[in-house]
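For reference, the structure is listed below as structure tokens.
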Amino acid sequence: MYIKLINPKSHGLAAYDNNGSSLQTLNYLVHEAKREREDLGIFFNQDSDGLKPERVQQDIDSNVKGLTAKDSKFYSLIISPSADELTHIKNDEQLLKAYTRQVMELYAQNFNLKGDERLASKDLVWAATIHQDRSYRGTDKEVLAGEAKVGDKRPGLQTHVHIIVSARDRSQKITLNPNGRKSRFDLIDWQRKSGQQFEHQFRYTAKEKEKIKVKQRDASRDATRSIRIGERVEDVNRNVPKSQRLDGERVKEIAVSRNFDKTFYRSLKRIETKAQQGKPIDNAYYLLQTGREQPTASKAPVRNLLHAFQRAVNSGAGKDTKTEEIGERKRHKNGEIEID
């Protein structure tokens, strides 16, 4: 969720100048709405739908008692949900209106007033309208790269909400400046709470959505890794006899089971080096799975005998027995022992 307080100086005084009447801002919003009938009530507030721009202008422009000529008379806000958030609520305008009303409730409550007084949305003078589209501007990177033209519609879901809110409360006794001191209005805190409001109101978990995106990125990355591993296996198979060729799918399964870790890649590199040198590749799958070469069958009887000897020593056998076994071990090394 992206919620922004418009700065007229950086976003264009022609549309958002807030030192005088709200007329030019409302004209801009009506024009951007691109409805079939300009006199259609496209605005809404806390209590009503179908408000016409003339009614909104009257409400905003008459709520300026106590303000000087240089003071801001109103502020412009934008609520811009992400494509995922819009999809979650099926891009439903009524749900978006309900959410906007809660955001403005939070806006009112976020002002810290003397005596711990708290405002509610009903104490504000505000109106909002929903725009479905966005167009490319001359400063957009797509336009600068020649990928789009100024005025072209942006693809995908682009629904967003424009809000105009008076700089005075309804009683015209309190000045409400969201761009002032942080102790008076914490803009970042309001934006954060508004994002949390969407999650709570529509049972949407942004963290879970991000987890899904991460998993999708990981799956794409792993697919690329698997393709590369398959290519490396093919290179190995071109350098070894048919009897020693590797099954690419099995190698990929081992990579996945080891989560594509460093041990797997070191082992694969070892196999590649042996293949290039024309050396036999014994127990390649075991090497890929464990990072170690499995003992060859020819060494197993000797190792078994040595293990038996060690167990006998540890069991406390007599000195003569130890001497005999040591002698047998020496003779075995000289090739004098026959094993039945």
Gap separating the CG atom of Asp17 from the CG atom of Leu23, nearest 0.5 angstrom: 11.5 Å
State, yes or no, whether a side-chain contact exists between Thr175 and Arg168 at a heavy-atom distance under 4.5 Å. yes
Atom of Glu105, atom of Ser121 and distance for their closest heavy-atom approach: OE2-N, 3.0 Å
Is Leu86 reachable from Val103 through a run of hydrophobic residues whose side-chain heavy atoms are each under 4.5 Å from the next? no
Run Asn179 and Phe185 through side chain to side chain contact (heavy atoms under 4.5 Å, CB included) and show every step you take. CA-CA 7 Å; Asn179 202 30; Phe185 187 93; over 6 Å; no
Listed partners of Arg232 passing salt bridge (Lys or Arg N to Asp or Glu O under 4.0 Å), at least two apart: Glu272
Would you find more than 12 non-hydrogen atoms of other residues, nucleotides or ligands less than 6.0 Å from Arg134 atom CZ? yes
Could you tell me whether the side chain of Glu54 reaches within less than 4.5 Å of the side chain of Gln58, counting heavy atoms only? no
One should read off an interatomic distance between Asn91 CG and Thr159 OG1, to the nearest 0.5 angstrom, of 3.5 Å
Looking at every heavy atom in both Lys73 and Thr68, which two are closest together, and how far apart are they? NZ-O, 3.1 Å
Just how far is it from atom CD of Gln158 to atom CD of Gln132, taken to the nearest 0.5 Å? 10.5 Å
Output yes when a side-chain donor or acceptor of Lys97 lies under 3.5 Å from a complementary backbone atom of Thr129, and no otherwise. no
Exam field: side chain Tyr99 to backbone Ser194, donor-acceptor pair closer than 3.5 Å: yes
Scanning both residues in full, the closest heavy-atom pair of Gly138 with Leu144 reads O-CD2, 3.6 Å
To the nearest 0.5 Å, what is the distance between CD1 (Ile6) and CD1 (Ile163)? 11.0 Å
Flag side-chain contact, heavy atom, 4.5 Å: Met104 against Tyr107: yes
So that I can tick it off, tell me whether Glu253 and Arg250 are bridged by a salt bridge, with the cut-off set at under 4.0 angstrom between side-chain N and carboxylate O. no
Taking Asn7 for its side chain and Lys9 for its backbone only, find out whether a donor-acceptor pair lies under 3.5 Å. yes
With side chain to side chain contact (heavy atoms under 4.5 Å, CB included) as the test, would you mind laying out the steps for Ile130 and Thr100 before giving the verdict? CA-CA 10 Å; Ile130 296 175; Thr100 300; 5.9 Å; no
Counting C-beta onward and ignoring hydrogens, is there a side-chain heavy-atom pair between Val161 and His131 closer than 4.5 Å? no
Do Ile174 and Trp126 share a hydrophobic cluster (ILVMFWY, side-chain heavy atoms under 4.5 Å, transitive)? yes
Can you check whether Asp49 reaches Gln94 side chain to side chain, under 4.5 Å on heavy atoms? yes
So, Arg266 side chain and Gly291 main chain: donor-acceptor pair closer than 3.5 Å or not? no
Which atom of Ser183 lies closest to which atom of Asn112, heavy atoms considered: O-ND2, 3.0 Å
Short side-chain to backbone donor-acceptor contact, Asp140 and Arg137, under 3.5 Å: yes
Measure the spacing between CG of Asp84 and CE of Met1 and express it to the nearest 0.5 Å. 11.5 Å
Go through the steps for Ser135 and Arg154 under the test side-chain hydrogen bond (donor to acceptor under 3.5 Å, both in side chains), then give the verdict. CA-CA 6 Å; Ser135 300; Arg154 290 179 174 272; over 6 Å; no
Stepwise salt bridge (Lys or Arg N to Asp or Glu O under 4.0 Å) test for Arg228 and Glu231: CA-CA 5 Å; Arg228 178 58 185 141; Glu231 293 172 347; 3.4 Å; yes
When you look at CD1 of Ile188, are more than 12 heavy atoms from neighbouring residues, nucleotides or ligands closer to it than 6.0 Å? no
Between Leu26 and Ile164, is the side chain to side chain contact (heavy atoms under 4.5 Å, CB included) condition met? List the steps. CA-CA 9 Å; Leu26 294 173; Ile164 182 170; 4.2 Å; yes
Minimum heavy-atom distance between Lys252 and Ser226, given as atom pair plus value: CE-O, 3.3 Å
Are the side chains of Trp190 and Leu77 in contact, using a 4.5 Å heavy-atom criterion? yes
Are the side chain of Ser82 and the backbone N or O of Glu85 linked by a donor-acceptor pair below 3.5 Å? yes
Is Val165 reachable from Tyr2 through a run of I, L, V, M, F, W or Y residues, each pair having side-chain heavy atoms under 4.5 Å apart? no
Let me confirm one number: the CG-CG distance from Leu5 to Asn177, rounded to the nearest 0.5 Å. 8.5 Å
When you compare the side chains of Asn45 and Arg101, does any donor N or O come within less than 3.5 Å of an acceptor on the partner? no
May I have the step-by-step check of side chain to side chain contact (heavy atoms under 4.5 Å, CB included) for Asp247 and Tyr285, ending in yes or no? CA-CA 9 Å; Asp247 181 347; Tyr285 298 123; 3.5 Å; yes
Using salt bridge (Lys or Arg N to Asp or Glu O under 4.0 Å) as the criterion, list what pairs up with Arg192, not counting sequence neighbours. Asp189
With a 4.5 Å limit on heavy-atom distance, are the side chains of Phe74 and Asn63 in contact? no
Heavy-atom side-chain proximity of Asn237 to Leu246 below 4.5 angstrom: yes
Is there a donor-acceptor pair under 3.5 Å between the side chain of Gln191 and the backbone N or O of Ile3? yes
For Tyr16 and Thr25, which heavy atoms make the closest approach, and how far apart are they? CA-OG1, 3.8 Å
So does Ala275 get a backbone contact from the side chain of Asn239, meaning a donor-acceptor N/O pair under 3.5 Å? no
According to a hydrophobic-cluster definition based on side-chain heavy atoms being under 4.5 Å apart (Ile, Leu, Val, Met, Phe, Trp, Tyr only), do Leu157 and Ile79 belong together? no
Has Lys52 got a side-chain atom pairing as donor or acceptor with Gly50's backbone, closer than 3.5 angstrom? no
Is the positively charged end of Arg258 above the ring of Phe264, judged by distance under 6.0 angstrom from the centroid and angle within 45° of the axis? no
Would you kindly confirm whether Val64 and Leu119 end up in one hydrophobic cluster when ILVMFWY residues are joined by side chain heavy atoms under 4.5 Å apart? no
Under 3.5 Å donor-acceptor, His162 side chain and His160 backbone: no
